[in-house]
Amino acid sequence: MSIEPPESTVSPSEGYSEGYSEGSSSAPSRRTFIATTAVGSAVVAGGLIGGPSVFGVEPADAATQAPPTSSVSVTVNGERRTVTVDNRTSLLDLLRERMGLTGSKKGCNAGACGACTVLVDGQRVNSCLTLAVRLDGAEVTTIEGLAKGERLHPLQQAFIDQDAFQCGFCTSGQIMSGVGCIKEGHTGSPEEIREFMSGNICRCGCYVKIVRAVEQTAHGK
Amino acid sequence: MSPQPQAAVGAPLSRVDGRLKVTGQAKYTADHDIDGVVHAVIVDSSVARGRITGIDTRAADAQPGVLGLISHLDKPALAYRDNPGAWLDPRSGERLHVFQDDKVRFLGQPVAVVVARTLEAAQHAADLVKVSYDAEKPSTDMSASGVPENDPLPPQNYVRGNPEDALASAVVKLEGTYRLTRNHHNALEPHATIARWDGEKLTVWDKTQWTVGARDELAAVFGMSAENVRVISPFVGGAFGNGLRTWPHTTIAALAARQIRRPVKLVLTREQLYYGVGYRPAYEYGLRLGSTRGGRVTAALHRIRAETSSYEHYVEGVMNPGQMLYATPHVRQAYRTVPLDVNTPTFMRGPGWSSAAFAIESAMDELAHETGIDPIELRLRNEPQEDPVNGLPWSTRRLTECLRTGARAFGWHRRNPKPRSRRDGDWLIGMGMASGIYDTLRMQSEARVRLDADGTALVQASTSDMGPGTYTSVTQLAADALGLTMRTVRFELGDSTFPPSPPHGGSQTMAGVGSAVQDGCDKLRQEAIKLAVEDERSPLHGVDADDIVVRGGRLHVKSNPARGETYRQLLARNSRTHLETRGTFTPSGDDRYSMNAYSVTFAEVAVDRRLGLVRMRRMLGVYDVGRIISPKLADSQALGAMVGGVGQALLEHTATDHRDGRIVNANLADYLVPVNADIPDIKAIYLDGEDLHADPIGVKGLGEIVKVGVAPAIANAVFNATGRRVRDLPITAEALL
């Protein structure tokens, strides 16, 4: 038995520049879909809806163009920055790889773990699922922007007091999510906090103490 | 010497690295900003068994920003020397050699790596690599017919007494097969490596639980001197065992950096972690028990099968609990591995011991039900007076106390032994418990201690802190031993150039590293005291060194605190920039005692009688782990292990499509781990005590034992709630409908 890879893939250049064109021959076959999603990156997801097939195009042609870029102005932790980004860049990768803000973590890159949680215009979002090009004019707050100088945000202090973390890798996301949870007013009971903090996985299992930290902060205990 | 006053040890202190972690400043591997770094992405095999027939890299190579691509076609030179120091690697078989041949051994095996200037370009180019295979049908199902006839290894056996005769003559007989699905560690931090070559020297930032182990393995793989390799790992975002070995991706990153001549960063995707860094193997655990009517277990026959890869035979301590948890006079065990077309399993929290505990502690619950004896009373009746394996006395064994303390604290008397007898609306309520045991590991460790003229101290060891709080607990030990405040002691870890530490796993870090630090600090304090009492200008001149203690950085006569001076004064007057010592810990090799930690876990569950949903209501763990250095952090470890146990018992399940060997839920949305809403209020109690046979600081290790016994406690509670005995993990709604 021999398994060949699918011949049909989507050119990054054409795919990104032209967008989805209905009725083209590019509709992914099931075979293409399985083969390409196996790698599971956002890039492939973009390619799937991306446009005409390069079926039959020589690989060399596919590479003659640099990937499309966009200029984005975004306010991060109070500082306005204008950057040129590869359109494939997620907010998380922009923060981590371009802006040196590595406090936001990549745990799954698929919106399932919450380690990348930041606030965009005051709302908690998974920055791994947010394309940077969408954020022109947005205000982003990351864990690095929470403390006022040396003075920690009350929820940061509560996480220390309650020992609401062990390895610390999910902590940035937990705290940003907790800030959102408190702002949303979902802190009426421990049960409500548990429910509204369930988008953030803590594999070390600090949930009991995370709830206490959010409670302590919400109720000024 | 006079014992030091205890101020930090035993106090419920917050983490010394807490501020770094809550502000996002703690640097995990992928966070390090290395000048000129480029990005690598691995291309994995999409078949589970066969040969690579072609790799078309034209489209990938032509992508803007792509710097290079490596596969077996490039025949990269790697030495893969034997590494006898890699004692955590399976004893039988050979580690995976990356890009050395065209053979595919499991789905997800790295077949190429793409390096590009940006992460986006590398990811996209990796997608464009076309690999063709000559694929064969893989074998990935342990329960399929035909296995383990292909097992090249004889089973491991253990026997004492006459188990078959004892079973035949037993009044009460039970038999069951318990199945544990594979579990993946799924620490939140994906494994990552940044590799940089400076001439002949290799520096690697790596997610690892064993910096010196990673250093030695890289030296062996690249055929170089270990002195030319440095591994740096100051923060580890959880690992639970899968950072103990050095996995192929670490080699790949270093290889790519060598080839491209630039520093390379490689971070595994969540999906790649399922194929790249090991897992807790699936088990089939057949257990037959023979007992008296009064619940004395006379015979136990264990037939154990576990999955492993085709290229390495991974075994773990799954036989031990069945030999020593209870005083069973007649025991037989056979343990064999089943080689499959999968990647190699590895240690995961409570490795082996926790898998065995599910079978044994479920069976004990069945025996309690069968004989009408309370489960706690049943365990008390089977409590061994000495280690049944070798007749050695226990160094400390306070399992009985754990049982009684826990029963009181949990309100065990409220449990109705008749299943399905307690309700709360549509919910059936049940209580269960299980015991646990884990051996106390101790290994050679070293530490460097330096006291500077400004009165602050620096302590270093190459160990890791994957979450338990090594930074904090070692600082507590050092502060007390040096007579300094927590703020004036800094502990640095996670660098292979620091004094050697054993693997940060198996709950041995405090026993080894902690004891070495204690030793180094004791030596340094005594050196300072000696300097003072021999110094004519010191107020302590002529005082018996044994009468001096140090507190808050000040040496003074124990009975007369007014007479003394500070470290700063002492060092300044003697024109010393610093004092430095090296602490060591060598296990006594004391074979006069059997040393283990013990646990009892209690669980209360609610099961929806119509939907079969299981919800946790309460949990309690009670532990005999020796001395507790850092109670606040120890509490977190125990609660976290109970959360992990909820996952193992009710949620976690690796689903493999055996037609092609693909894990269909290799992500955090479909491989379910507990979330906040799954966890009720849970509590932990540590018995006050110490075990000085184990090590000078009296600890027995706690990271593993807190996990052992959690899953069976939950399964037993489900039985008490529903009357349904589920012998397969995880216990899902389907099993209860």
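Just so we're on the same page: letters track the sequence lines, and every chain starts at 1. Only heavy atoms go into these numbers, but all of them, side chains included; no hydrogens, no water, no symmetry mates.
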Please look at B/Ala192 and chain A and tell me whether the side chain, the backbone, both or neither of the residue comes under 4.5 angstrom of a heavy atom of that chain. neither

Determine whether A/Tyr207 and B/Ile682 satisfy the following criterion, side-chain contact (heavy atoms from CB on, under 4.5 Å), listing intermediate values before the conclusion. CA-CA 10 Å; A/Tyr207 295 129; B/Ile682 48 184; over 6 Å; no

Pick whichever of B/Leu20, B/Asn667, B/Leu633, B/Val43 has the most heavy-atom pairs under 4.5 Å with chain A. B/Leu633

Is chain B contacted by the side chain of A/Glu150, its backbone, both, or neither, given a heavy-atom distance below 4.5 Å? both

Nearest 0.5 Å, what's the CG-CD distance between A/Asn109 and B/Glu271? 12.0 Å

Hey, is the main chain of A/Asp161 close enough, under 3.5 Å, to the side chain of B/Lys632 for a donor-acceptor pair? yes

Side-chain touch B/Thr23/A/Leu146, heavy atoms, less than 4.5 angstrom: no

B/Arg15 charged N/C atom sitting above A/Phe159 aromatic ring, 6.0 Å / 45°: no

Per-residue contact mode, A/Ile210 against chain B (heavy atom under 4.5 angstrom): side chain

Between A/Ser198 and B/Val675 (side chain of the first, backbone of the second, donor and acceptor by atom type, cut-off under 3.5 Å), is there such a pair? no

Checking B/Pro680 against chain A: side chain, backbone, both or neither under 4.5 Å from a heavy atom? backbone

Please classify the contact of B/Asp681 with chain A as side chain, backbone, both or neither, using a heavy-atom distance under 4.5 Å. both

Okay, B/Asp33 and chain A: the region with an atom under 4.5 Å from a heavy atom over there is neither

Contacting region of A/Ile175 [heavy-atom separation from chain B under 4.5 Å]: side chain

Interface check, chain B: of A/Leu152, A/Asp86, A/Leu101, A/Thr142, most non-hydrogen pairs under 4.5 Å belong to A/Leu152

For A/Phe169 and B/Tyr28 the tightest heavy-atom approach is N-OH, 3.4 Å

Only pairs at least two apart or in different chains count here, so list each salt bridge (charged side-chain N to carboxylate O under 4.0 Å, His left out) that has a residue in residues 105-119 of chain A. A/Asp93-A/Lys106, A/Lys105-B/Asp31

Side chain from CB out, backbone as N, CA, C, O: work out which of these in B/Gln25 comes under 4.5 Å of a heavy atom of chain A, or both, or neither. side chain

Could you grab the distance from atom SG of A/Cys202 to atom CG of B/Asn676, nearest 0.5 Å is fine? 9.0 Å

Can you tell me if A/Glu195 has over 12 outside heavy atoms packed within less than 6.0 Å of its CD? no

Enter the distance from A/Thr102:OG1 to B/His32:NE2 here, rounded to the nearest 0.5 Å. 9.0 Å

Provide the closest heavy-atom pair for B/Gly24 versus A/Ser172 in the form atom of the first, atom of the second, distance. CA-OG, 3.9 Å

Would you say that more than 12 heavy atoms from the other residues, nucleotides or ligands in this model lie under 6.0 Å from the CZ of B/Arg615, or not? yes

Which bit of B/Gln637 is near chain A, if near means a heavy-atom gap under 4.5 Å: side chain, backbone, both or neither? both

Is it true that a side-chain atom of A/Arg88 and a backbone atom of B/His124 form a donor plus acceptor pair closer than 3.5 Å? no

Structural part of A/Arg212 lying under 4.5 Å from a heavy atom of chain B: side chain

Engaged part of A/Cys206 at the chain B interface, taking heavy atoms whose separation is under 4.5 Å: neither

I'd like to check B/Pro674 versus A/Arg203 (side-chain heavy atoms, cut-off strictly below 4.5 Å). Are they in contact? yes

Regarding B/Glu120 and A/Thr89, is there a side-chain donor-to-acceptor distance under 3.5 Å anywhere? yes

Which atom pair, heavy atoms only, marks the closest approach of A/Gly107 to B/Pro190? O-CG, 4.0 Å

If you measure from SG on A/Cys113 to CG on B/Leu668, what distance do you get to the nearest 0.5 Å? 6.0 Å

Chain B: which of A/Val208, A/Val211, A/Asn200, A/Thr171 shares the most heavy-atom pairs with it under 4.5 Å? A/Val208

Are A/Gln156 and B/Arg19 packed together at the side-chain level, in the sense that at least one heavy-atom pair is separated by less than 4.5 angstrom? no

Is it the backbone or the side chain of A/Glu97 that comes under 4.5 Å from a heavy atom of chain B, or both, or neither? side chain

Where do A/Ala112 and B/Ala669 come nearest, in terms of heavy atoms and distance? CB-N, 3.8 Å

Could you measure the distance from the CG atom of B/Leu119 to the CG atom of A/Leu92? Nearest 0.5 Å is fine. 9.5 Å

Side-chain touch B/Phe235/A/Cys167, heavy atoms, less than 4.5 angstrom: no

Hey, what do you get for OG (B/Ser14) to CD (A/Gln157), rounding to the nearest 0.5 Å? 8.0 Å

Does either side chain, that of B/Ser636 or that of A/Asp163, offer a donor lying less than 3.5 Å from an acceptor on the other one? yes

Determine the minimum heavy-atom distance between A/Phe165 and B/Val22, stating which atoms define it. CE2-CG1, 3.6 Å

Let me know if B/Ala26 has heavy atoms under 4.5 Å from chain A in its side chain, its backbone, both or neither. backbone

Would you say the side chain of A/Arg194 lies within less than 4.5 Å of the side chain of B/Ile679, judging by non-hydrogen atoms? no

For B/Asp635, which residues count as a side chain to side chain contact (heavy atoms under 4.5 Å, CB included) partner, sequence neighbours excluded? A/Lys209, B/Leu639, B/Ala684

